[in-house]
Amino acid sequence: MSRKKSTSKNIPVTEPDTLAGRVARYMFYTLLAYVPVHIFLSTWIGTSLDVLASAKVAKEFVLLFGFGLVLSASAKKPWFKDLLSDKLMWLIGGFALLHLVVMAMRPTEPQAELLALAYNTRYLLFFVYAVLLAHLHDRAHLVKRSLQVVLATASFVLVFGILQHSVLPANTLEKLGYSEQAGVFPVVLVDNNPDFPRVFSTQRNPNSYGSYLLIIIAIAMVYLRFARQHASRYVLVGLLGLGLINLLYSYSRSAWLGFVFMVLALVALLIKQGIHRKIKKETKLILSAVSIALVLVAGSILYALSDNATVQNLVFHTTSESTAVSSDSVRIMHWQNSIDMIRENPFGSGPGTAGPTTMQTDDVNINENYYLQIAIEVGVFGLLLFLTILGLVFKRLWYWSGKSPIAVALLASFVGLLITNMFSHIWVYEAVAYTWWGLAGLFIVLGTRRLPASSSK
């Protein structure tokens, strides 16, 4: 069974389905659905059946198998050679190759090395997976189905987060196998204060959960404007409300800051990219003024209440009575140590020498900044390579943001995630990384100006 073939100046938009292509597409949907609940399911099932290690890495094998299928289905297509010459694909390949070169030159703990290689490149592999699918199949269908999968999974995740905050006993996740030995804490508190438990739902920790919420909130905010059916609007309003409540109770300051920048980016995109061309000039000015006013008012309130015990707990994660070292002081210390490491080894200390993978070694180095992590592991050149990849992806999404609501949501959330990665290792966490990069890859297509814009809506 084949779909109708449509071309635009010899660049295929839809190719006839093959078995490999269909299976690869369904595996792509499966990964989008699975990764937001991966920690929850793999911990529960893995500890119950004593197969925790296998349960944790199963998704990587699914990714590799699915990528192999889509690659085999794409290799003989006329557009594949053009895609191979795309500079973004070369940069991604170069970034992965650089990891292997530095690994060979500066070998470290083998397990940490392999984990670092996987963590730093798997979401880019999933991104390329999506790029190939976008050329191999009808992109409008892919975007629609992928969005449905993401939002359906998010509905469960967000509801579970609300239940975690309001109904479920504190030891619920502990009964499901969560423990320090399993690699996930059953409870996370603000400044070790039992009065302020942090919501993280099915994710690994509150900061990664907050970043995941930015994607869902951005999609809900954008599509609320374009949804015509009342049922769809109700669903989107529900997701938006649940997302904001979960974001609040995650007590993730990096996600809160990312949310502010995301909203500012969203307003700017709606005004300048022409998504909403019917907005009057006066309305645009009001939107801009309100956005600026919100930031100023929020900053003033925080400053005025900086001595308040609750504000100290929720915003600064410490109080005057706290005996723990301020998390801000610890983070600054980590950044300073990281900068010193980069100065000593500007060409990189090797994958596995910074970030969460160092938990597998005797020299733990959680530097709480993904950009510094990359610079430590693969050097200043590696960081520049990574930033160039981010810049090119931003540029290409910018083009589509004038044509597609989902591209607007992705670009706005991208701005927020660029901020949260300054305070945590967000791209390491699969729920955030796979969801964002998987959806973004569907817009990175050859000859974008020659493809029909309607295919993205």
Identify, with sequence neighbours excluded, every residue that meets side-chain hydrogen bond (donor to acceptor under 3.5 Å, both in side chains) alongside [X].
X	value
Thr420	Ser211
Tyr212	none
Trp427	none

Rounded to the nearest 0.5 Å, how far apart are CG of Leu247 and CD1 of Ile217?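 Rounded to the nearest 0.5 Å, the CG-CD1 separation comes to 5.0 Å.
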Just verifying a value: how many Å separate Lys59 NZ and Met27 CE, rounded to the nearest 0.5 Å?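 Output value for this atom pair is 13.5 Å.
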Once salt bridge (Lys or Arg N to Asp or Glu O under 4.0 Å) is applied, what residue pairs with a partner in residues 90-102 remain, sequence neighbours excluded?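 Output for this query is empty, none listed.
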What residue pairs, at least two apart or across chains, pass salt bridge (Lys or Arg N to Asp or Glu O under 4.0 Å) with a residue in residues 87-112?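 Not a single pair qualifies under salt bridge (Lys or Arg N to Asp or Glu O under 4.0 Å).
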How would you list all residue pairs meeting side-chain hydrogen bond (donor to acceptor under 3.5 Å, both in side chains) that involve residues 88-102, not counting sequence neighbours?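 Every side-chain hydrogen bond (donor to acceptor under 3.5 Å, both in side chains) pair that includes a residue of residues 88-102, provided the two are not neighbours, is His99-Asn120.
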For the pair Phe414 and Trp437, name the ring-plane relationship: parallel under 30°, tilted 30 to 60°, perpendicular over 60°.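 Geometry flag for Trp437 against Phe414: perpendicular rings.
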Is Leu410 close to Trp400 at the side-chain level, that is, under 4.5 Å between some pair of heavy atoms?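 No - every pair of side-chain heavy atoms lies 4.5 Å or more apart.
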How about Thr202 and Tyr209: do any of their side-chain heavy atoms sit closer than 4.5 Å?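 When only atoms from C-beta onward are counted, Tyr209 and Thr202 do not touch, as no gap falls below 4.5 Å.
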Per the side chain to side chain contact (heavy atoms under 4.5 Å, CB included) rule, which among Val102, Leu100, Thr357 passes with Leu117?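 Single pass found, and it is Leu100.
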Is the number of heavy atoms from other residues, nucleotides or ligands under 6.0 Å of Met89 CE greater than 12?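 Result for CE/Met89: enclosed.
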Step through it carefully: locate the ring centre of Phe95, locate the ring centre of Phe386, and say whether they are under 6.0 Å apart.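 Yes - the distance between ring centres of Phe95 and Phe386 falls below the 6.0 Å cut-off.
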Strictly under 6.0 Å, is that where the ring centroids of Phe67 and Phe126 end up?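 No, they do not, as the ring centres are separated by 6.0 Å or more.
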